[in-house]
Amino acid sequence: MSGGFKTTAMFVAAAVLLSACGGDDSDDSVALPLTLDQKVAAVTKASDITGDPTTGRVLPSISEPKAQLGMQLFFTKALGGDLDSACVSCHHPLLGGGDNLSLSIGVEAVLPDLLGPGREHRSDGHEFDGGPTVPRNAPSTFNIVFYDQVLFHDGRVESLDKANFNGAGDAIRTPDSAFGVADANAGANLSAAQARFPVTSPEEMRGHSFEAGNSNASLRIALEDRLKGEDMEMALAGMNDWLAAFQAGLEAPMGTAEQLITYDNIADALAAYQNSQVLVENPWKAYLAGDKSAISKDAKRGALLFYTPVEKGGAGCGGCHSGDFFTDEQFHVVGMPQVGRGKGDGVAVPHDNDYGRFRETNEDDDKFAFRTPHLLNVAKTGPWGHAGAYTSLEAVVRHHLNPQQAFDNYDLNQLAPFVQTDNIVANTQQALDQLEALRLAGKSSLVNAELSDEQVDQLLAFLHALTDPCLDDRDCMAKWIPGDDVPDPDGLRVHALGTL
Ligand code: HEC
Ligand code: HEC
């Protein structure tokens, strides 16, 4: 490292000397080759990359009372209709903010407190077909505070005025409102708007009998009543200290249950907890802040490939994974394999395809388009893709280089044996054909790239440099996991089994 630095200093010194002697800087013939660090500096500057997505934002802290309340809510199965599923069931801090499963399993798990690999759906469960009943991969809740435009793989929670931080203070569309129309109850930001929905999904949290057939609004009222202690099942659970938890969390010691225990406040607190999960202290950030030895040479070469367009010999990743949050928050067709039970779309019976963004916009070009996910901590947030079809980071990176070829060589053995794959070929080929059609029409920015194995390794080294070491440090993560000192208001907290 220090050798490399000396060389840099010498080149700079020589350049200064040359231009001083020549007295005429129009002579290109004396231009010296740039060092690797200088090249990285040039491409990042050209793409407005600083390494720090936090600039200009006010970020909530986990020590704030509201975030503490949110943590208690995030971990309780009381928000699950049948008291068997919590937010944390699929978004655990020690699983990278996700569940490490291709497709999530929410209600009716064999062991509700067993999270991650090994979690399986009960065979006597509703709609059980052998595999997971949740049709998509659970994204990480870490760093969602940096999404300003859309949440969910298909962006069905979205800011209607894209310029604001986390949709704050402006109109937000949700599944409770029509496409393009603001949901008056969406709350203060995108995370709060999103937190209104997992409880409404029968597969994720609601179950198949709780408030069955009733509207989202009445379901949320039923959950409020439960936390207020007006619900028989919670009474049976033996304890209910939620009023004290809300009084502390909302800093309203005299507030009544009627005033404080509302779904708006539940969603707001869940958002405060999740928005405090800022995990951005990665080696790439340190490198761009000036520590030239923070990342390896391979990672630097990977960064160059990432930010250089395919036409210029790069991998062209920065076009979509743009900015310091590594996403344009737009939707693109990349044709990742379609596994799982899908969203009811497609020509093949049993309609286990997933049309992605098209489901919201009804625009033909959006068929099979999914949101560009951010890449912070991406090495820790597998499996990858909207349906978790890739279980290695290398495979999901290679997919981008040549989607058709990647799918032709797709190895089914990477999936857990129970993940549904009956129509994988027909469904995925439909997406790949759509990609081809968009390319022919000049509407795709995904360009096939031929990279050597060495270059793929360099891209991977770069992606690994986006991991905040906190993720591997139990003590560092502990603040987002309620310990014995944090009240468990209903005795329904998930205590993850096993090694978590
Ligand atoms: C059964 C597993 C499961 C449970 C339980 C669950 N989620 Fe999720 N979560 C998912 C899946 C799957 C998605 C992606 C769904 C989609 O995009 O259509 C998701 C998406 C999200 C997102 C969007 C992230 C992004 O990158 O856009 C947030 C935020 C989130 N969940 C928070 C929560 C909260 C808060 C709760 C509890 C109220 C919760 N989840 C409960 C599985 C789960
Ligand atoms: C045309 C836009 C586009 C380009 C260019 C692009 N990506 Fe992506 N990327 C996406 C989209 C969209 C997804 C999500 C697809 C899905 O979920 O089905 C994605 C997913 C990923 C994922 C999985 C993330 C996760 O959390 O599941 C990784 C890793 C990734 N891209 C890396 C790269 C790399 C490395 C490059 C350059 C070789 C690249 N991408 C180029 C749009 C793009």
Side-chain angles (χ1 to χ4, degrees), residues 70 73-74 79-80 85-91 97-99 101 103-107 109 119 132-144 147 150-157 190-201 203-205 266-267 270-271 273-275 302 305-306 309-310 314-322 326-328 330-338 343 354 356-357 359 368-375 377-379 381-390 393-394 396-401 431 435 444-447 449 451 456 459-460 462-463:
L73 290 163
F74 199 83
L79 292 181
S85 177
C87 304
V88 77
S89 305
C90 307
H91 299 285
D99 58 9
L101 298 171
L103 298 160
S104 296
I105 293 163
V107 302
R119 186 175 178 86
T133 55
V134 175
R136 287 183 180 160
N137 175 265
S140 174
T141 53
F142 297 169
N143 298 319
I144 58 166
Y147 279 116
V150 288
L151 286 179
F152 283 129
H153 293 295
D154 52 18
R156 64 189 184 277
V157 165
L190 291 177
S191 311
Q194 193 283 337
R196 304 175 72 77
F197 294 93
V199 294
T200 68
S201 154
E203 293 78 23
E204 288 189 7
M205 293 181 78
I266 293 172
L270 287 170
Y273 167 70
Q274 296 175 95
N275 286 347
L305 289 165
F306 191 93
V310 176
C317 315
C320 298
H321 296 284
S322 56
F326 295 90
T327 170
D328 55 6
Q330 300 296 309
F331 302 86
H332 302 277
V333 178
V334 299
M336 292 210 186
Q338 177 58 37
K343 296 287 274 185
D354 185 343
R357 182 64 172 166
R359 298 174 52 78
F368 300 108
F370 291 90
R371 178 195 63 184
T372 310
H374 75 82
L375 299 177
N377 304 305
V378 70
T381 59
W384 294 270
H386 68 272
Y390 285 113
L393 189 58
E394 177 176 347
V396 75
V397 168
R398 283 189 185 275
H399 176 95
H400 288 76
L401 307 179
L435 171 60
S444 171
S445 50
L446 191 67
V447 183
L451 300 191
V456 172
L459 271 180
L460 290 170
F462 173 62
L463 294 179

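Computation of the quantities below employed the complete heavy-atom set of this structure, encompassing side-chain atoms and omitting hydrogens, waters and symmetry-equivalent molecules. Note that ligands are numbered from 1 as they come in the structure, with each ligand's atoms numbered from 1 the same way.
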Non-hydrogen side-chain atoms of Y390 and M336 separated by less than 4.5 Å: yes
Proximal atoms of ligand 2 relative to W384 (non-hydrogen, under 4.0 Å): 23 (C), 24 (C), 25 (C), 26 (O), 27 (O)
Considering all heavy atoms, the nearest T133-E203 contact: O-CG, 3.5 Å
Cationic N near anionic O, under 4.0 Å, R136 to D354: yes
Contact with ligand 1 for N137, non-hydrogen, under 4.0 angstrom: yes
Close-contact set for ligand 1 against M205 heavy atoms, below 4.0 Å: 5 (C), 37 (C), 38 (C), 41 (C)
Those atoms of ligand 1 less than 4.0 Å from some heavy atom in L151: 25 (C), 27 (O)
Heavy-atom nearest neighbour in the protein, as seen from atom 27 (O) of ligand 2, with distance rounded to 0.1 Å: G385 N, 2.8 Å
Protein heavy atom at shortest distance from atom 12 (C) of ligand 2: F370 O, 3.3 Å
Nearest neighbour of atom 17 (O) of ligand 2 from the list R398, Q330, H386, E394, on a heavy-atom basis: H386
Protein N/O/S neighbour count - atom 8 (Fe) of ligand 2, strictly under 2.8 Å: 2
Among D154, V150, D328, side-chain contact (heavy atoms from CB on, under 4.5 Å) partner for R371: V150
L435 versus V333, closest heavy-atom pair with distance: CD1-O, 3.3 Å
Donor-acceptor contact present, side-chain Y147 to main-chain H374, <3.5 Å: yes
Heteroatom distance test (Q274, ligand 1): nitrogen or oxygen, under 3.5 angstrom: no
Atoms of ligand 1, numbered as shown, that sit under 4.0 Å from any heavy atom of Y147: 26 (O)
Ligand-residue contact atoms, ligand 2 with A315, heavy atoms, under 4.0 Å: 37 (C), 38 (C)
Distance filter under 4.0 Å to I144 heavy atoms, resulting ligand 1 atoms: 29 (C)
R136 N/O under 3.5 Å from ligand 1 N/O: yes
Parallel, tilted or perpendicular: rings of F74 and H91 (30°, 60°): tilted
Whether Q274 side chain and L270 backbone form a donor-acceptor pair below 3.5 Å: yes
Shortest protein contact, atom 15 (C) of ligand 1 (heavy atom only): F152 CD2, 3.6 Å
Contact atoms of ligand 1, heavy-atom distance to S85 under 4.0 Å: 5 (C)
Protein N, O or S atoms lying under 2.8 Å from atom 8 (Fe) of ligand 1, listed by chain and number: H91 NE2
Nitrogen or oxygen atoms of V150 and ligand 1 under 3.5 Å apart: no
Nitrogen or oxygen atoms of L459 and ligand 2 under 3.5 Å apart: no
Non-hydrogen atom of H374 closer than 4.0 Å to ligand 1: no
Atoms in ligand 2 with a heavy atom of G316 nearer than 4.0 Å: 5 (C)
L79 near ligand 1 by a heavy-atom separation under 4.0 Å: no
Mutual orientation of the aromatic rings belonging to H321 and F306 [parallel < 30°, tilted 30-60°, perpendicular > 60°]: tilted
Polar atom proximity, K343 to ligand 1 (N or O, under 3.5 Å): no
Whether A86 lies under 4.0 Å from ligand 1, heavy atom: yes
Distance from atom 26 (O) of ligand 1 to nearest protein heavy atom, with residue and atom: R371 NH2, 2.8 Å
Sidechain-backbone polar pair: S85 side chain, E204 backbone, donor-acceptor under 3.5 Å: yes
Whether F197 lies under 4.0 Å from ligand 1, heavy atom: no
Short side-chain to backbone donor-acceptor contact, N137 and L101, under 3.5 Å: yes
Any donor-acceptor pair under 3.5 Å from H399 side chain to V334 backbone: yes
For V134, the ligand 1 atoms whose distance to one of its heavy atoms is below 4.0 Å: 1 (C), 12 (C)
Atoms of ligand 1 close to G106 [distance to a heavy atom under 4.0 angstrom, numbered from 1]: 1 (C)
Interatomic distance, D99 atom CG to C90 atom SG [nearest 0.5 angstrom]: 5.0 Å
Heavy-atom donor-acceptor pair, W384 side chain to V378 backbone, under 3.5 Å: yes
Close approach, L393 and ligand 2, non-hydrogen under 4.0 angstrom: yes
Exam field: side chain S201 to backbone P198, donor-acceptor pair closer than 3.5 Å: no
Reported CG-to-SG distance for the pair L375 and C320, which is rounded to 0.5 angstrom: 10.5 Å
Backbone N/O of K343 and side chain of R359: donor-acceptor pair under 3.5 Å: yes
Any S191 heavy atom less than 4.0 Å to ligand 1: no
Side chains of H400 and C317 in contact at under 4.5 Å (non-hydrogen atoms): no
Side-chain (S444) to main-chain (L446) donor-acceptor, under 3.5 angstrom: yes
